[in-house]
Number of protein chains: 2
Amino acid sequence: MERPRIRDYFQQDLSQNETITPKQRAILQASLDLFAEKGFDQTSTSDIAQRAGVAEGTVYRRYKTKAALRDAILAPITAHIVPILASDFSEDKLRQRYPSLQAFVTAIFTDRVAFAKANVKELKVIFEVAAFDTERREQILSQIAPKMVKQMGSVINQLKADHLIVDWPNDLILQSLLSQLFGYLARLILELPGTEIEREQAYLITVMTKILTPGEHDQITGQ
Amino acid sequence: MERPRIRDYFQQDLSQNETITPKQRAILQASLDLFAEKGFDQTSTSDIAQRAGVAEGTVYRRYKTKAALRDAILAPITAHIVPILASDFSEDKLRQRYPSLQAFVTAIFTDRVAFAKANVKELKVIFEVAAFDTERREQILSQIAPKMVKQMGSVINQLKADHLIVDWPNDLILQSLLSQLFGYLARLILELPGTEIEREQAYLITVMTKILTPGEHDQITGQ
DNA sequence: CATTAAAATGAGTTATCACTCACTTATTTT
DNA sequence: AAAATAAGTGAGTGATAACTCATTTTAATG
């Protein structure tokens, strides 16, 4: 159940070249918390200073601008979200052959959901950027999407060869999987009321398995 | 293919009590456009004035604050999104019995997707508010969710009685449907690259039909 | 056409907030 | 322990942006 947190990768990143003081760490933590709570624009640098228990000048010691501060938070997310979401993940989970579709779906999803849970704040910050900054959104996507399509694609092809999965184009398969995951994450991030996480998770796996099971309804309708 | 637009309901709302001048209309339109493009905080009132072709003072004539301006845009959305998303919709589409699951899904989704397409800007503004304003999010949800659950629930029950749909709790059924819709809308709103709308829509219906078709995989797994 | 009311204007005010800098405190080096 | 370097401070600054108001323009009314 121990999941890597983006925070940890951040620490790791820094300790190689530079050191980070406790106050600077407090500033990063406060920024992350506040950006996730109120959004970037609604968070002032004096808010951050107050929450971190430092003077406002200290906020500007390491990071020249407020935007740079956000970038510092986002950097490890975009840098490590790729290995976590695709590569690293593939090493552990994608190499092996899956006996059943259910096994595949369960492996993938318990993993991804746990990761998301451990990094809700970071995801919220990255979603805010992606929502209104077109350039950055495309940049982030261009980092993540191709690798993911490739990695997952190979497993899907394997499952296709074993006739364990529906014979749809890979991008469409990924899309419906991601939609379900995305819908689940949205409820998680927004803390929608009446959400019983355990029950949902089990259901999510059932639904996705069902989507992917080969069957009679598999021809894609419409013109 | 003619879909009601939130804009129209807005106009309708106003013309009952007060009149709205062309300049005030231009201000509302400019606000909506800019809020959707850049986000609320990144839009200044002088931006709005410029886009609308009026003086900045004019912006403040009817709406005392910038927030009130956003509220004025949001009001008809939250007020009419309920009838459109649930009631009105139920009159037209939910009353009739559906011969097949596919017919049901197609009816529902072509409808909802067309509506969303016609109101992308409004949805974007409402999502921004919902993302960081907890109170408003809950308020909006409390308006929409129960009615939707009730309306859709009756149709789902009908389909259940005819054994046309999987025997899951209604809230879980709605959830997976909404996840797929939500995932689709996200791609639509964010204009993700490589999105072929027609193909996606057909696929969406196929996936949702598959989810809802009764079958062997229907017991919900997990502890 | 004259009068009155409403709408619109834009220069001006106030407040906020990102950011700076001269200075103090802590830490490391010699 | 003295000197040097780095970290931290907080009052201050400039710019921006929300908002006001005295005045002008437009529209409505008799």
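Because the structure is a prediction, the values reported are computed rather than measured. Naming: A, B, ... by sequence-line order, numbering from 1 per chain.
Residue order along DNA chain D, read from the 5' end via each residue's closest nucleotide, puts Thr45(B) first among Arg61(B) and Thr45(B).
Shown here is Lys38(B), whose NZ atom has more than 12 heavy atoms of other residues, nucleotides or ligands within 6.0 Å. Summarising the local packing, NZ of Lys117(A) is surrounded by more than 12 heavy atoms from other residues, nucleotides or ligands at distances under 6.0 Å.
Heavy-atom distances under 4.0 Å link DNA chain D to Val54(A), Ala55(A), Gly57(A), Thr58(A) of residues 47-60 of chain A, given in residue order.
Sorted by first and then second residue, the pairs that involve residues 29-58 of chain A and meet ring-ring contact (aromatic ring centres under 6.0 Å, His included), not counting sequence neighbours, are Phe35(A)-Phe40(A).
Interface limits on DNA chain C: the 5'-most and 3'-most nucleotides within less than 4.0 Å of chain A heavy atoms are dA18(C) to dT20(C). Taking 4.0 Å as the cutoff to heavy atoms of chain A, we find the contact window on DNA chain D bounded by dA7(D) to dG10(D).
Scanning for side-chain hydrogen bond (donor to acceptor under 3.5 Å, both in side chains) contacts around Thr45(A) gives Glu56(A), with sequence neighbours left out.
Comment: Glu128(B) does not engage Arg70(B) in a salt bridge, judged by the lack of any side-chain N to carboxylate O separation of less than 4.0 angstrom.
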Under the criterion side-chain contact (heavy atoms from CB on, under 4.5 Å), I'd like the reasoning laid out for Gln50(B) against Leu34(B): C-alpha separation, chi angles, the key distance, then a yes or no.
CA-CA 11 Å; Gln50(B) 210 174 331; Leu34(B) 287 166; over 6 Å; no
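Over its length, the helix from dC1(C)-dG30(D) to dT30(C)-dA1(D) turns its helix axis by 10°, as judged from the five terminal pairs at each end, rounded to 10°.
Arg187(A) contributes a side-chain N or O that, together with a main-chain N or O of Gly183(A), makes up a donor-acceptor pair within less than 3.5 Å. Of the possible polar contacts, none joining the Tyr63(A) side chain to the Ala72(A) backbone as a donor-acceptor pair under 3.5 Å is found. Side chain of Asn119(B) to backbone of Phe115(B): a donor-acceptor contact under 3.5 angstrom is found.
Here the rule is side-chain contact (heavy atoms from CB on, under 4.5 Å) with Leu28(A), and of Ile48(A), Asp33(A), Leu69(A) only Leu69(A) fits it. With respect to Glu37(B), the side-chain hydrogen bond (donor to acceptor under 3.5 Å, both in side chains) criterion is satisfied by exactly one of Arg51(B), Lys124(B), Gln42(B): Arg51(B).
Here the straight-line distance linking atom CZ of Arg62(A) with atom NZ of Lys23(A) works out to 14.5 Å at 0.5 Å rounding.
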